[in-house]
Amino acid sequence: MIGGQDEDSRGKRSLARKSTDVSQAVQLMYPICSSLDWIHFVMSQPL
């Protein structure tokens, strides 16, 4: 019983860590992607 609860809480903790990792990755990627889009937009404009 106690062991099962411990496993459950550990699983939840690792899941929470995964979700924070994902959100941090998104926060890092978003400005990079948006700047790439901006560069692509500028390049596609006729000079």
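FYI, side chains are in, hydrogens and waters are out, and symmetry mates aren't considered; it's all heavy atoms of this structure.
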Atom of S34, atom of P31 and distance for their closest heavy-atom approach: OG-O, 2.9 Å
Is V42 reachable from I39 through a run of I, L, V, M, F, W or Y residues, each pair having side-chain heavy atoms under 4.5 Å apart? yes
Would you say M43 ends up clustered with W38 if hydrophobic residues are merged whenever their side chains have heavy atoms under 4.5 Å apart, either directly or through other cluster members? yes
Does any pair with a residue in residues 10-32 pass side-chain hydrogen bond (donor to acceptor under 3.5 Å, both in side chains), and if so which ones, sequence neighbours excluded? D6-R10, E7-R10, D8-K12
